[in-house]
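Working notes for the structure below.
Order of the sequence lines fixes the chain letters, A, B, ..., with proteins taken first and strands second; residue numbering starts at 1 for each chain. Hydrogens, waters and symmetry mates are skipped; everything else that's a heavy atom, side chains included, is used.
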Amino acid sequence: GESVGLHLPTLSVQEGDNSIINCAYSNSASDYFIWYKQESGKGPQFIIDIRSNMDKRQGQRVTVLLNKTVKHLSLQIAATQPGDSAVYFCAENGSGGSQGNLIFGKGTKLSVKP
Amino acid sequence: SAVISQKPSRDICQRGTSLTIQCQVDSQVTMMFWYRQQPGQSLTLIATANQGSEATYESGFVIDKFPISRPNLTFSTLTVSNMSPEDSSIYLCSVAGDKNNSPLHFGNGTRLTVT
């Protein structure tokens, strides 16, 4: 069935280092992918998205890479800061259904050590 | 992006009772959705709240358990009926932009504990 999963459930990095959070997806029909950040006590916050006609997209301190060959998605955070500590979810739009039916991965907890 | 407000932000309820969660958006939106996030888990779509018609439920969720209202383009409610401890979760309202494949934006959720 459709599934979105993460290679690393937890990630601990030193402040200032770069972070890489990985995600595997199984539905080759997915053509839209999103990364969310969820801080404690808050809802998921949109970080960056990418469509399947691209393999890389950059934002402010963040880069998303999409490898459709191996169905892999990654989020790179440059110069990680304590404020980046949160749970990060990848999501895909699956093979159809409503626009709101995103399939979420299990989440990776990022801890930034000062 | 739209500002999404949910009430209550948290509640502790007794089993067998029902709780209605409200979601208010500061602008008119076509698409509104309700998600559930069980403790330590990821997010699962419950239903799409349709304005002027019955909500569309995902597999595993039924209207009798999770009745939804959508009276206008800025407001929706989700009721968790006849609650049991297994319903303890975060319930999240989300909205999408009008363009296809625009990202969902979420409220801060309602943290429900059923005792």
Nearest atoms (heavy-atom pairs only) where Leu43(B) meets Pro44(A): CD2-CG, 3.7 Å

In one Ile/Leu/Val/Met/Phe/Trp/Tyr side-chain cluster, 4.5 Å: Val25(B), Trp34(B): no

Linked, directly or transitively: Ile48(A) and Met54(A) (ILVMFWY side chains, under 4.5 Å): yes

Residues which pass ring pair (Phe, Tyr, Trp, His ring centres under 6.0 Å) with Phe106(B), listed by chain and number, not counting sequence neighbours: Tyr36(A), Tyr35(B)

Region of Gln38(A) that comes under 4.5 Å of a non-hydrogen atom in chain B: side chain

Same apolar cluster (I L V M F W Y, side chains within < 4.5 Å links), Trp35(A)/Val62(A): yes

Heavy-atom proximity to chain A below 4.5 Å, by part of Gln6(B): neither

Interface residues of residues 107-115 of chain B facing chain A - heavy atom cut-off under 4.5 Å: Gly107(B), Asn108(B), Arg111(B)

Pairs meeting criterion salt bridge (Lys or Arg N to Asp or Glu O under 4.0 Å) with involvement of residues 79-91 of chain A, two or more places apart: Arg61(A)-Asp84(A)

Joint hydrophobic cluster, Phe66(B) plus Leu19(B), side-chain heavy atoms closer than 4.5 Å: yes

Residues in salt bridge (charged side-chain N to carboxylate O under 4.0 Å, His left out) contact with Lys42(A), at least two apart in sequence or another chain: Glu39(A)

Ile63(B) atom CD1, over 12 foreign heavy atoms within 6.0 Å: yes

Nearest-0.5 Å distance, CD of residue Gln41(B) to NZ of residue Lys106(A): 8.5 Å

Enclosure of Gln60(A) CD (heavy-atom neighbours >12, cutoff 6.0 Å): no

Spatial distance of atom CG (Leu45(B)) from atom CG (Leu102(A)) [nearest 0.5 Å]: 8.5 Å

Leu92(B) versus chain A, the contacting section by heavy-atom distance below 4.5 Å: side chain

